[in-house]
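Each remark here refers to the structure printed beneath this line.
Every value quoted in this text rests on a predicted model; they were computed, and no experiment measured them. Just so you know, these numbers use all the heavy atoms, side chains as well, and skip hydrogens, waters and symmetry mates.
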Amino acid sequence: MKVLQQHVDFIEYEPIEKEIRYAEDIEKKKYKVENCLVLFTCVEEDDNENLVKEAVKEIVESSNKLKVKKILIYPYAHLSQNLADPEIALNLLIKMEEEIKKKKLEVYRAPFGWNKKFTLSLKAHPLAETLRVYSAKKTKEIYEKVKRVGKKPSIQSEKLSENDHRILGPKLELFMFSEFGPGTVFFFDKGVILRNILIDFWRKEHKKRGYLEIITPILLNRDIWKISGHEENYKDLMFFTSGEDVDYALKPMNCPGAILVFKSSTRSYKDLPLRLAELGLVSRNELSGVLAGLFRMRTFTQDDAHIFVDKENIEEEISRVIELIDYFYKIFGFSYSVELSTKPEKYIGSDEIWELAEKSLANAMKKNKIKYKINKGEGAFYGPKIDFHIKDSLNRSWQLATVQLDFFMPERFDLNYIGKDGKLHRPVIIHRVIYGSIERFIGILVEHYQGKFPVWLSPIQVRVLPISEKTISYSKKIVENLEKNQIRVDYDFEGTIEYRIRKAQNFKIPYMIILGEKEEKSNTITVRSREGKIDYQVKFEDFLEKIKSESKIN
């Protein structure tokens with residue numbers, strides 16, 4: 001039995017059509033459950049009632065730990081190819097429901113045997129998402145490993161939308177996926193250009209705001225993860241290795257690396273706030289059944305920042321972070337909603353510190369005229385947080401930016417700075433991301449723009465197409481002129497002009513410049529947009545001014 005366990009603000013699902021003859025009878029309408037533990041559950045061969053009881057025992061422990069009273073069992077066969085007989089699977093799901101009810105929890109169960117669509121809002125705390133595999137031999141929590149090299153990815157293109165990034169990415173020659181790298185991505189040159197545009201923009205804006213960029217190792221001694229608490233809470237999501245009798249772990253998060261940089265020298269109040277930013281490669285041992293292109297990966301790049309600040313300046317620094325997040329999302333045309341998660345029942349630190357922290361977060365949002373919803377008691381045990389949920393062009397919600405106040409790590413790592421009074425003081429750490437994951441953000445952008453990137457973001461902004469060999473020389477001069485002006489341009493002279501125009505449109509290149517003898521004689525160009533609009537006898541200088549204007553990040 002495989003269970004993807006997610007703690008959500010809400011899940012809304014709707015049965016669409018029956019998929020198998022064992023499908024349950026249920027009213028076709030939208031169902032919604034709020035603040036619950038969703039169990040995406042797949043029943044496999046050899047699963048039995050004893051296994052269900054063992055699984056429920058751990059599920060109940062999780063619900064108690066998270067203080068969740070509602071459980072939704074959601075049949076999800078996509079987690080495995082080793083499925084149980086449908087009749088047996090349904091009976092075991094019913095048994096799971098009965099066992100959970102015995103524990104005095106509120107239980108819901110999505111219909112078995114239906115094609116369903118769903119929307120959910122995942123909470124952002126460290127334990128919000130847990131992957132479990134239960135077997136008749138081992139009932140403790142474990143994680144599946146890739147069983148053989150060369151296993152094909154589970155992407156079935158015939159079931160994906162034509163605007164899915166897993167279809168568009170390879171089609172636009174941005175990136176690809178391979179059975180030899182499950183949970184990873186291979187970027188082509190155009191994808192690297194797109195990625196670097198995002199990174200260059202990120203670096204420029206962070207430098208303006210006083211961030212120092214660092215790079216920390218992807219492999220650290222296992223002891224550091226014990227100190228940080230990651231091994232305790234993330235052990236089953238981590239990759240471990242050893243060498244010369246020393247145990248190591250690939251980093252699942254960037255926090256300890258930034259903390260070690262802070263501790264590398266004596267700090268004073270004059271050094272604060274110390275803003276350390278990192279495009280850090282992290283690795284997480286995700287189940288193969290839940291990998292989903294760029295949206296769910298085993299290796300990805302987080303645009304982290306760890307800001308070390310004194311308690312008196314928390315509000316001002318949070319306000320700066322909110323301004324930066326707002327600026328980024330407006331550039332991409334994203335609207336967003338915001339949530340403030342406050343002190344849970346179990347927490348560390350004094351009530352005074354929590355009151356100061358929550359007040360600082362709220363005041364910073366008010367200062368920036370940000371409307372927000374309060375999630376009472378949903379903060380992490382080490383500090384309150386703000387979550388940003390963007391809306392894309394398809395009206396889908398994505399939780400991206402998070403701003404987290406942390407009193408826990410400074411205690412664990414004994415962080416100090418020398419205050420104005422000459423005494424040692426404990427800093428507070430602000431953890432924050434904007435893109436979240438660079439790769440995931442690219443996937444979102446591909447689908448948000450449906451491949452039609454704005455000119456400033458397009459890997460290729462202009463393609464030059466000579467009609468015949470007679471205008472090749474003129475075409476090369478146009479290419480050289482555009483390159484001198486930092487316009488991303490390429491050149492195509494393979495096949496008929498009709499074929500090349502169609503190819504450029506398929507690649508969704510913003511502009512084509514078509515050049516024949518008439519254009520060369522009049523020293524003009526013909527400009528065709530990807531939407532099919534054609535402008536004849538355009539002066540090159542006029543087009544250059546237009547493309548340079550559109551290449552600026554507004």
Heavy-atom side-chain proximity of L457 to L194 below 4.5 angstrom:
yes
With a 4.5 Å limit on heavy-atom distance, are the side chains of I11 and C36 in contact?
yes
Worked check of salt bridge (charged side-chain N to carboxylate O under 4.0 Å, His left out) between D421 and K423
CA-CA 5 Å; D421 57 3; K423 297 178 181 178; 5.1 Å; no
Report yes or no: is the cationic atom of R166 (NZ for Lys, CZ for Arg) under 6.0 Å from the centre of the six-membered ring of F177, at an angle within 45° of the ring normal?
no
Examine R209 relative to Y327 and say whether NZ or CZ is less than 6.0 Å from the centre of the six-membered ring and inside a 45° cone about the ring axis.
yes
Verdict with supporting geometry, K95 and E99, salt bridge (charged side-chain N to carboxylate O under 4.0 Å, His left out)
CA-CA 6 Å; K95 180 66 177 178; E99 290 295 321; 3.2 Å; yes
Partner residues of [X] under the ring-ring contact (aromatic ring centres under 6.0 Å, His included) criterion, sequence neighbours left out:
X	value
Y76	F40, H78
H206	W202, Y211
F334	H448
Y417	H425

Can you tell whether the side chains of [X] and [Y] come within less than 4.0 Å, N to carboxylate O?
X	Y	result
R132	E61	no
K208	E205	yes
E358	K343	no
R296	E129	yes

Qualifying salt bridge (Lys or Arg N to Asp or Glu O under 4.0 Å) pairs, either residue in residues 256-274, two or more places apart
none
Tell me which pairs pass salt bridge (Lys or Arg N to Asp or Glu O under 4.0 Å) where either residue lies in residues 304-316, with sequence neighbours left out.
E316-R320
